[in-house]
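A note on names: the letters A, B, ... follow the listed sequences, proteins ahead of strands, and every chain is numbered from 1.
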There are 2 protein chains.
Amino acid sequence: MNTHDVSAERSSVKLDDVDRALLDLLRVNARMPISELARAVNLSSAPVSRRIDRLERSGVIRGYVAVIDERAAGELHAFTEIRLNGDVETGELEGVLREMDEVQSIFTIAGDPDVLVRWRVSDVDHLQRVVNGIRRTGKTSGTKTLIVMYDWTRGEQLALPTHVD
Amino acid sequence: MNTHDVSAERSSVKLDDVDRALLDLLRVNARMPISELARAVNLSSAPVSRRIDRLERSGVIRGYVAVIDERAAGELHAFTEIRLNGDVETGELEGVLREMDEVQSIFTIAGDPDVLVRWRVSDVDHLQRVVNGIRRTGKTSGTKTLIVMYDWTRGEQLALPTHVD
DNA sequence: TCTGAAAGGATTTCACT
DNA sequence: AGTGAAATCCTTTCAGA
């Protein structure tokens, strides 16, 4: 099916249906062997290898990450919504946030709030410290923090090699 | 279908320093070869292979996902905060959400809101349709949607294999 | 639980279509 | 832009410590 290339504004990348199929497969299992991807799109390994290389170099594939059970790893996850002071640009806070090890993701939002941050901390005390750290920059006019109790992401439960004998 | 089927043996998992080092490496590059991981932790490949297998089976590693540039792929990402009606349990809505292809992640929150959903849609019309779909379930008392303009996640920019020319 | 070696796969390159 | 074969490299299993 032909879902269309809407982007075009900044990226000169053209994706065909095979590229999109590969992306959908890798989204669900980033460790899927090239040989298996090739079988899924009815090609041999060589062109699939080259296509993935092209997708990586062009920035369409930004990376491959393992998803870890945060509680098994003894961690706490949370989000903080941040509203910025009127004279502060999002880029200013982003620079601060990227330097903090506890920051896992930063989302710039169209509307209110201005920024959404995902934290990876050891406990609530740690969370309080990092959120206070953001407040103390003087760049924010308000924060609201959401503690994650449970989370689910598409693909994560199917991603492991299930050996069907 | 049951909602909580994964990693029941969470409490019986013990991680040593080598395990934690492997997790940190895989978080940043899920496609890193076992041989390279082995070098990084000063072991041979065999035990690293077995350790990762154990981490996968015990549910500590939940999966491996490729991170795609949504704009290059012609997509729009957004979050919706959901407040549930007083008589609705989070599990009820979760069941509905998991069936929707547009739902990428579901976070159950301690406090207000009750649930945070991450969407992957083709455009704002599509977003409006899926959010209205949630409203029409009658399970929610309020929603607030945040459209992502830009996002950054730790590790994603270093995750690609650095090749020597 | 590790090492080292060997077997079996996977990936990439290359000549050709 | 894809195929098939060959070379290289990776992963897993197994014997031994």
Side-chain angles (χ1 to χ4, degrees), chain A residues 1-5 11-68 72 158-165, chain B residues 9 12-68 72-73 158-165:
Chain A
M1 278 314 194
N2 199 357
T3 27
H4 230 77
D5 181 356
S11 63
S12 57
V13 188
K14 292 186 196 88
L15 305 181
D16 65 12
D17 290 341
V18 174
D19 290 325
R20 275 186 286 269
L22 292 173
L23 292 177
D24 282 343
L25 289 162
L26 286 170
R27 256 205 256 254
V28 172
N29 181 7
R31 278 185 92 87
M32 187 179 283
I34 305 263
S35 56
E36 201 176 331
L37 294 167
R39 227 174 297 129
V41 299
N42 290 311
L43 286 177
S44 61
S45 290
V48 172
S49 180
R50 269 183 293 125
R51 276 169 183 269
I52 288 173
D53 194 60
R54 208 164 38 87
L55 291 167
E56 290 174 350
R57 285 178 203 288
S58 65
V60 176
I61 294 176
R62 301 207 302 202
Y64 304 98
V65 303
V67 186
I68 309 301
L158 301 172
L160 297 179
T162 51
H163 38 89
V164 186
D165 301 89
Chain B
E9 56 268 279
S12 66
V13 184
K14 291 185 198 85
L15 304 181
D16 65 12
D17 289 342
V18 174
D19 290 325
R20 273 185 287 270
L22 292 173
L23 293 178
D24 281 344
L25 289 161
L26 286 169
R27 255 204 256 256
V28 172
N29 182 4
R31 278 186 90 88
M32 188 179 283
I34 305 264
S35 56
E36 201 175 331
L37 294 167
R39 226 174 296 126
V41 299
N42 290 311
L43 284 177
S44 61
S45 291
V48 172
S49 179
R50 270 183 295 123
R51 277 168 183 270
I52 288 172
D53 193 60
R54 209 164 38 86
L55 291 167
E56 290 175 349
R57 286 178 201 287
S58 65
V60 176
I61 294 175
R62 302 207 302 203
Y64 305 98
V65 303
V67 186
I68 309 301
L158 301 172
L160 296 179
T162 52
H163 48 92
V164 194
D165 298 272

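With rounding to whole Å, B:Asp53 atom CG is found 14 Å from C:dC2 atom P.
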*Mind running side chain to side chain contact (heavy atoms under 4.5 Å, CB included) on B:Ile68 and A:Ile61 for me, showing each step along the way?*
CA-CA 5 Å; B:Ile68 309 301; A:Ile61 294 176; 4.0 Å; yes
*For B:Glu36 and B:Leu25, what are the C-alpha separation, side-chain angles and deciding distance, and is it a side chain to side chain contact (heavy atoms under 4.5 Å, CB included)?*
CA-CA 10 Å; B:Glu36 201 175 331; B:Leu25 289 161; over 6 Å; no
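No donor-acceptor pair closer than 3.5 Å links the side chain of B:Ser49 to the backbone N or O of B:Ser45.
A salt bridge links B:Arg20 to B:Asp17: one of the charged nitrogens lies within less than 4.0 Å of a carboxylate oxygen.
Within 4.0 Å of A:Arg54, counting heavy atoms only, lies no atom of the nucleic acid at all.
Interatomic distance, CG of A:Asp19 versus CG of A:Leu55, reported as 5.0 Å (0.5 Å rounding). Atom-to-atom distance recorded for A:Arg27:CZ and A:Met32:CE is 14.0 Å, nearest 0.5 angstrom.
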*What does nucleotides 3-17 of chain C look like as a protein-contact string, B for base, S for sugar-phosphate only, - for none, at under 4.0 angstrom between heavy atoms?*
BB-----SSBB----
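In the 5' to 3' direction, nucleotides of DNA chain D lying under 4.0 Å from heavy atoms of chain B begin and end at D:dC10 to D:dT13.
Results of the side chain to side chain contact (heavy atoms under 4.5 Å, CB included) test with B:Arg51 over B:Leu37, B:Val41, B:Val18 single out B:Val18 as the only residue that passes.
Nearest approach of B:Ala73 to A:Leu15, heavy atoms of both residues: CA-CD1, 4.0 Å.
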